[in-house]
> 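The structure follows.
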2 protein chains.
Amino acid sequence: MARISDVAKHAGVSVATVSRVLAGQPGVSDAARERVLVSVKALDYHPDLAARRLRSGKTDTLGLVVADIRNPYFTEISRAIEDVAYANGMRVLLCNSDEDAEKERFYLDMLRDENVAGVILSPTLSLLSRFRACDYSFPVVLVDRCAPETEADAVVLDNIDAAQRLMRHLIERSSQRIALFYGTASATGLQRLEGYHSALAAAGLTPQTRAIRPTTTEARAALIEHLREHPLPDAVVASSGLILLGLVEALREAGLRCPDDILLAGFDDQPWTRIVTPDITVIAQPTADIGRSAIELLLARIAQPEQAMRRIVLRGELITRASTSRPIQE
Amino acid sequence: MARISDVAKHAGVSVATVSRVLAGQPGVSDAARERVLVSVKALDYHPDLAARRLRSGKTDTLGLVVADIRNPYFTEISRAIEDVAYANGMRVLLCNSDEDAEKERFYLDMLRDENVAGVILSPTLSLLSRFRACDYSFPVVLVDRCAPETEADAVVLDNIDAAQRLMRHLIERSSQRIALFYGTASATGLQRLEGYHSALAAAGLTPQTRAIRPTTTEARAALIEHLREHPLPDAVVASSGLILLGLVEALREAGLRCPDDILLAGFDDQPWTRIVTPDITVIAQPTADIGRSAIELLLARIAQPEQAMRRIVLRGELITRASTSRPIQE
DNA sequence: ACATATAATGTAATCGATTACAAATTCGCC
DNA sequence: GGCGAATTTGTAATCGATTACATTATATGT
């Protein structure tokens with residue numbers, strides 16, 4: 001492997017000149033620059049990144065900490081982030097916290113050891129409750145989850161509004177008893193619960209909720225149990241795509257038909273929600289935008305560490321489908 | 001930030017002793033070791049990884065290059081790989097090639113610059129055709145795609161066998177005209193095509209295939225066109241999960257019912273294949289095992305660079321569901 | 001032509017660890 | 001007590017880049 005000194009020797013200049021050429025700095029004659037570039041090609045020189053990072057103190061590396069990359073919502077976000085990162089000459093270390101505060105701390109510590117330039121984080125509930133951006137040695141942008149009072153750059157959906165709109169959609173279709181299955185592991189689930197409560201209260205309806213861990217299997221078991229123990233609801237709603245899938249499985253198993261026996265709706269416009277029978281009414285999240293906004297926020301913060309905190313709130317889109325198709329009541 | 005010299009001073013020893021303690025090397029008195037560990041705690045010392053990597057020439061970093069992390073097959077594999085990697089104190093840089101040989105080369109070059117300890121790669125067709133592990137400065141393990149003659153560690157499904165079994169399943173159910181929609185971008189699609197051809201030839205049936213780029217939208221368009229231009233097949237088969245989704249959309253749009261009008265089957269047991277109506281017969285791939293095997297192979301190769309190449313061939317599992325439920329013919 | 005400003009180049013210190021080698025200490029045993 | 005071996009410890013070189021500072025070459029103005 002060629003080192004910078006080899007290039008310098010080959011080009012008949014000093015290492016400083018080589019370094020300046022490669023860094024695109026001014027103060028190098030065209031002749032010297034030309035010779036250096038030729039030598040770099042000739043020797044197939046590639047700078048040692050470890051040395052560069054040691055000297056410069058910068059790593060060109062970002063961290064991304066999500067609950068689980070297998071959740072299509074995070075998959076999509078992660079892809080958008082990585083594309084932008086690589087396009088800007090940065091790398092991304094992906095970490096899965098599994099909603100586990102301990103794992104989350106492990107990964108955040110690791111990212112600090114890596115001296116990352118910044119981190120995009122979807123925090124566990126436990127961390128979010130005491131989160132302060134200033135507690136970290138690197139800039140942090142929160143994604144998907146954020147409390148109203150959190151002092152941090154963030155990109156989130158307006159969960160309360162989205163949940164309210166979804167509920168009003170159901171209420172207009174004469175649903176009286178709407179059961180919500182929501183994930184307790186994240187702030188997102190709780191905010192959607194809040195929107196649900198306020199919409200039902202506004203309509204004078206009694207809420208009916210089940211708090212669960214946000215997994216498909218747990219959602220399925222919860223609905224099956226719910227159906228056994230309660231009179232049939234008019235509608236069931238999932239606070240996330242994973243939960244929605246569990247509800248579909250359970251309804252199928254129970255032999256209930258949508259929208260005739262019961263209405264069904266949820267969050268996350270995953271591809272399969274279009275092709276099941278019936279296709280399902282959902283709140284679609286602009287996942288690619290969320291990811292892109294998050295990394296743009298992070299890159300801006302890295303460039304300008306002292307600028308004011310920014311929060312980007314995106315609006316969910318209500319996609320009406322057959323699972324809630326029923327005449328609208330006045 | 002505390003440096004190793006600070007720890008040495010605080011503990012009243014030399015930097016060499018501190019380094020030895022931290023590396024777990026022998027030849028340090030218990031008293032000194034104790035004092036060092038206390039000082040490390042007291043100063044909250046964390047070694048500078050850039051410096052360590054510069055000096056040691058090792059990076060503890062792996063590369064993972066897949067076509068697209070949004071493909072659930074790769075999502076699953078990637079998660080398994082990352083879990084094992086972090087458990088072994090390594091990091092993973094994830095790269096999406098989008099089946100584009102140029103992007104692939106860009107990322108492989110970047111990983112070389114990063115001086116990664118090894119790479120797990122699902123190669124594009126173009127790269128696979130001329131792939132030689134010895135062309136790279138780091139060990140490479142192929143995953144998902146591999147040619148019979150490729151000289152490389154690899155973890156793959158027995159695609160020919162799996163496709164044959166799937167075809168026999170359909171043929172036994174009296175399908176005469178079986179249309180295969182296969183992805184041309186990867187070796188995997190072509191191997192499944194091969195299995196399809198041999199199974200149909202053995203049964204004396206005429207093949208009916210459409211080569212497409214492996215995306216849902218393209219698959220959907222292809223089937224719609226196919227139905228317009230050809231007499232109705234007895235069965236349609238997808239060579240991957242993404243394609244299968246497109247076929248489902250198209251059948252729905254055409255108003256065709258499974259299994260009454262036509263049989264349907266494919267690859268990849270994605271969660272939604274269980275909940276659509278009808279649920280779909282598929283070849284399930286042991287994705288978690290594939291990922292785990294791949295990184296275990298890679299770690300072994302890193303530890304033992306000279307050992308013989310190993311290829312792990314896994315068997316797909318045929319999961320029979322309603323989309324192919326029809327009486328078996330003698 | 002000379003003084004001075006400006007541009008180009010080079011030398012050597014530096015980042016923070018690891019480790020070869022040398023030096024110092026301790027130990028066992030006669 | 002003293003000698004050699006084994007253990008412990010320290011000093012300084014090293015990894016490969018960046019960059020402050022010094023120096024030399026060129027340009028400008030009168």
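Convention: sequence-line order gives letters A, B, ...; per-chain numbering from 1. Note that the coordinates shown come from a computational prediction; the quantities given were computed from them, not determined experimentally.
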> What integer distance in Å separates B:L22:CG from C:dT18:P?
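For the pair B:L22 CG and C:dT18 P, the rounded distance is 7 Å.
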> Under the side chain to side chain contact (heavy atoms under 4.5 Å, CB included) rule, collect the residues that match up with A:A11, sequence neighbours excluded.
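Counting only residues at least two positions away or on another chain, A:A11 forms a side chain to side chain contact (heavy atoms under 4.5 Å, CB included) with A:V13, A:R35, A:V36, A:S39.
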> Rounded to whole Å, how long is the line connecting atom CG of A:L54 with atom P of D:dT18?
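Interatomic distance, CG of A:L54 to P of D:dT18: 11 Å.
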> Is it the case that the side chains of A:D144 and A:Y73 hold a donor-acceptor pair, with the cut-off being a distance below 3.5 Å and no angle test?
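Yes - a donor-acceptor pair under 3.5 Å links their side chains.
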> What pairs of donor and acceptor atoms, side-chain ones from residues 303-312 of chain B against any protein atom, are under 3.5 angstrom apart with sequence neighbours left out?
{"residue": "B:R311", "atom": "NH1", "partner": "B:A147", "partner atom": "O", "Å": "3.1"}
{"residue": "B:R311", "atom": "NH2", "partner": "B:T150", "partner atom": "O", "Å": "2.8"}

> Which pairs, protein N/O on one side and nucleotides 4-14 of chain C N/O on the other, fall under 3.5 Å?
{"residue": "C:dT9", "atom": "OP1", "partner": "A:S29", "partner atom": "OG", "Å": "3.0"}
{"residue": "C:dT9", "atom": "OP2", "partner": "A:S29", "partner atom": "N", "Å": "2.9"}
{"residue": "C:dT9", "atom": "OP2", "partner": "A:S29", "partner atom": "OG", "Å": "3.1"}
{"residue": "C:dG10", "atom": "OP2", "partner": "A:S14", "partner atom": "N", "Å": "2.6"}
{"residue": "C:dG10", "atom": "OP2", "partner": "A:S14", "partner atom": "OG", "Å": "3.2"}
{"residue": "C:dG10", "atom": "OP2", "partner": "A:T17", "partner atom": "OG1", "Å": "3.2"}
{"residue": "C:dG10", "atom": "N7", "partner": "A:R20", "partner atom": "NH2", "Å": "2.9"}
{"residue": "C:dG10", "atom": "O6", "partner": "A:R20", "partner atom": "NH1", "Å": "3.4"}
{"residue": "C:dT14", "atom": "O2", "partner": "A:R55", "partner atom": "NH1", "Å": "2.5"}

> C:dA17 C1' sits how many Å from A:N115 CG, rounded?
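Result: 14 Å.
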> In whole Å, what is the span from the CZ atom of B:R52 to the P atom of C:dC15?
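Going from CZ in B:R52 over to P in C:dC15 covers 19 Å.
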> My understanding is that only residues two or more places apart in sequence, or in another chain, count here; which of them pass side-chain hydrogen bond (donor to acceptor under 3.5 Å, both in side chains) with B:E104?
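B:E104: side-chain hydrogen bond (donor to acceptor under 3.5 Å, both in side chains) contacts with B:T124.
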> Any ion pair linking A:R145 and A:E99 (charged N to carboxylate O, less than 4.0 Å)?
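Salt bridge flag = yes for A:R145 with A:E99.
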> Going by the angle between their ring planes, with limits at 30° and 60°, are A:Y136 and A:F131 parallel, tilted or perpendicular?
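If you compare the ring of A:Y136 with that of A:F131, the planes turn out parallel.
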> Rounded off to whole Å, could you give me the NZ-to-C1' distance for the A:K9 and D:dA17 pair?
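Whole-Å distance recorded here is 16 Å.
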> I need the CD-P distance between B:E34 and D:dT8, as an integer number of Å.
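B:E34 atom CD is separated from D:dT8 atom P by 15 Å.
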> Who passes side-chain hydrogen bond (donor to acceptor under 3.5 Å, both in side chains) against A:T184, sequence neighbours left out?
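Testing A:T184 for side-chain hydrogen bond (donor to acceptor under 3.5 Å, both in side chains), a comparison that skips the adjacent residues, returns none.
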> Would you say A:Q25 places a side-chain N or O within less than 4.0 Å of OP1 or OP2 belonging to D:dT18?
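No, no such contact exists.
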> For the pair made of NE2 in B:H46 and C1' in C:dC15, what is the distance, rounded to whole Å?
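Rounding to the nearest Å, NE2 of B:H46 and C1' of C:dC15 are 19 Å apart.
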> Is any side-chain N of the basic residue among A:D113 and B:R91 closer than 4.0 Å to the acidic one's carboxylate O?
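So A:D113 does not pair with B:R91 through a salt bridge.
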> State, to the nearest 10°, the angle formed by the axis through the first five base pairs of the helix from C:dA1-D:dT30 to C:dC30-D:dG1 and the axis through its last five.
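Axis angle across the helix from C:dA1-D:dT30 to C:dC30-D:dG1, nearest 10°: 30°.
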> Can you tell whether the side chains of A:E114 and B:R53 come within less than 4.0 Å, N to carboxylate O?
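Yes.
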> Rounded to the nearest angstrom, tell me the gap between atom CZ in A:R3 and atom P in D:dC15.
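For the pair A:R3 CZ and D:dC15 P, the rounded distance is 7 Å.
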